[in-house]
Amino acid sequence: MSRNLKITIAILTAAVIGGLLSLHGLQNRVNRLAKDQTSEVQARREVVAPPITSPSDVAARALIYWASTSSPDLLAPTPIDLQLASDPTVRSKQVLQALIANAPAPAHQTLPADANLLAFYVLPDGTAIADFSDELSSETPSGILSESLAVNSIALTLEANVPSLRRLKILIHGQEAETLAGHVDLTGYFDLHSVAPAAPAAQPAAPTPAADAPTKKP
Amino acid sequence: MNVRRVAETYARSGREILLFFRVVGLNFRHNLAIVSRLACFFLAGCLLFAGLARPQAPPQQQQIPTPPPASNPPQAAQTPPVTQAPPATQIPPAAQISPAHPTFTVVLDPGHGGTDDGARGSTGAVEKDLTLALARATRTQLQQQGLRVIMTRDTDVNPSFDDRAAVANAPRLAILISFHVSSTGQVGTARAYSYLFSTNVSPDDTPTLEPTAQPSKKLVSRLIPWETAQQAYGDTSHRLAEFIQTELVQKFPGSPASSTAFPIRDLRSVAAPAAAVELSSVSVKDAHALDPMIVSLAESVARAVTEFRPSYDTGTR
């Protein structure tokens, strides 16, 4: 083996070792960048939709319905700790905001991350009126399945955390919309059957695949 | 002597007949022509009447093998032996159903179209094209069974929801099946949907009749509100969706076992049994991977319609 060849092999080996050593750092950098993007969305949300608080807020465990980890075509209740008010209107706003902003991972998100709850009213007969920003309509993936998951996640989350509500009406930017994204009819109401308040959670912030929720009856 | 007298009598009668025609101003040959023509017309009328009456007989005989309603077997058992329906093995299969029931119509509704693309996949799959392909494949399957099929669109146009519903509401005995392809969901699964209205109705929403409008009550009760036309067909539509989902599960593993009731806008104003079918999804790695799914879905829907039809055809609308 000539001397020049030995030098070449040594240089190449050193380069390979150097590359392998730098892999870990590269991966950390990619993760950091991905985390920065999430925080950017959160920062924007804090400006557009600041946290809803009230003097009557107490720490409570809420059940939020996101897409299941076992099957993204189903919803699963996920217990999370929130500061919840006793007033149904404020409480509804708080759980809906958590539904939009606190998903454990983007894959579990049922509503667009940029959607905002603009207003929420409760009528004396128990009818809840939720007014969302245009993003709910424009950024929800088109399809019966995805649209029904979005509506069901709103309805089931309200049902699980605000038992006094009887039915739900969804508005888009203050107006009645014909459909959510081309399929699901938003001109009517969605029934909310009263259920027990949020059950104690065994594993906070962890979806429970065994409790996959069936499709919500409108 | 007698012969001579008879001959004179006939001659006199003939002269009197000729005299009669001469008095009324008509000639004998002319009257003969008129009488012969009238006889021809009468004969032709008799033949025509006999010809029209004849084809009405077979349908009366064919009414005997009409399958009894599936949901009411005890009535068939109580029928006298002479008019009793034959066993199911003698019932002609749906594949041989001729246009003897021309009013049963299957309306196929390819979702989206025109400027509305619907869902779009990263590989170029577009929902509006796929739904049209699905509807055309299903039409072929149904027409092979002798069924009447109407499409709400057969080109790249986008009728409104009401225009699509109007196509289904025109025939007297129709069903509607709306096709969609989702942008999410496990690839290779399919779902059938029927419409479900809210049951929690506020007292303010309940329509009331004017107390003084007694004469118009009957008229009002017969009218179907366009906006909620599907409400009267909820159970039948759910049954149709169940038939479809049962077939879909066999062809598309991983699909739900039962259909879903949800407010799908396409179905709300349809005054007939209606279901929506959605295939997952446009997010396939290769757009051509959907081609075999289209054929399978068309076969499933056609088979479901065949199985659904007897219970609807013989029932009340």
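Here is the naming used below: chain letters follow the sequence lines, and residue numbers restart at 1 for every chain.
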- Shortest non-hydrogen contact from A/N161 toward A/T157: ND2-O, 2.7 Å
- Let me know if A/S146 has heavy atoms under 4.5 Å from chain B in its side chain, its backbone, both or neither. both
- Relative to chain A, which segment of B/E227 carries a heavy atom at a distance below 4.5 Å: side chain, backbone, both, or neither? neither
- Interface residues of residues 135-144 of chain A facing chain B - heavy atom cut-off under 4.5 Å: A/P141, A/S142, A/G143, A/I144
- Quick one: do A/D131 and A/K169 make a salt bridge, cutoff under 4.0 Å? no
- Item | A/D191/A/R167 salt bridge by N-O under 4.0 Å criterion | no
- Message: Is it the case that the side chain of B/D116 and the backbone of B/H112 share a donor-acceptor pair, with hydrogens and angles ignored and the cut-off at 3.5 Å?
- Response: no
- Within a radius of less than 6.0 Å around CG of B/D235, do more than 12 heavy atoms belonging to other residues, nucleotides or ligands occur? no
- Message: Side chains of A/S133 and A/N116 only: does a donor on one sit below 3.5 Å from an acceptor on the other?
- Response: no
- Tell me, do B/R120 and B/V126 make a side-chain contact under 4.5 Å, heavy atoms counted? yes
- Under 4.5 Å between any side-chain heavy atoms of A/L117 and A/Q97, yes or no? no
- Interface residues of residues 290-302 of chain B facing chain A - non-hydrogen atoms under 4.5 Å apart: none
- Query: Once the angle between the rings of B/Y312 and B/F308 is folded into 0 to 90°, is it parallel (under 30°), tilted (30 to 60°) or perpendicular (over 60°)?
  - Reply: parallel
- To the nearest 0.5 angstrom, please state how far the CZ atom of B/R303 sits from the CD atom of B/Q141. 8.5 Å
- Task: Heavy-atom distances under 4.5 Å only: say whether B/Q186 touches chain A with side chain, backbone, both or neither.
- Result: both
- Is there a donor-acceptor pair closer than 3.5 Å between any side-chain N or O of B/E127 and the backbone N or O of B/D117? no
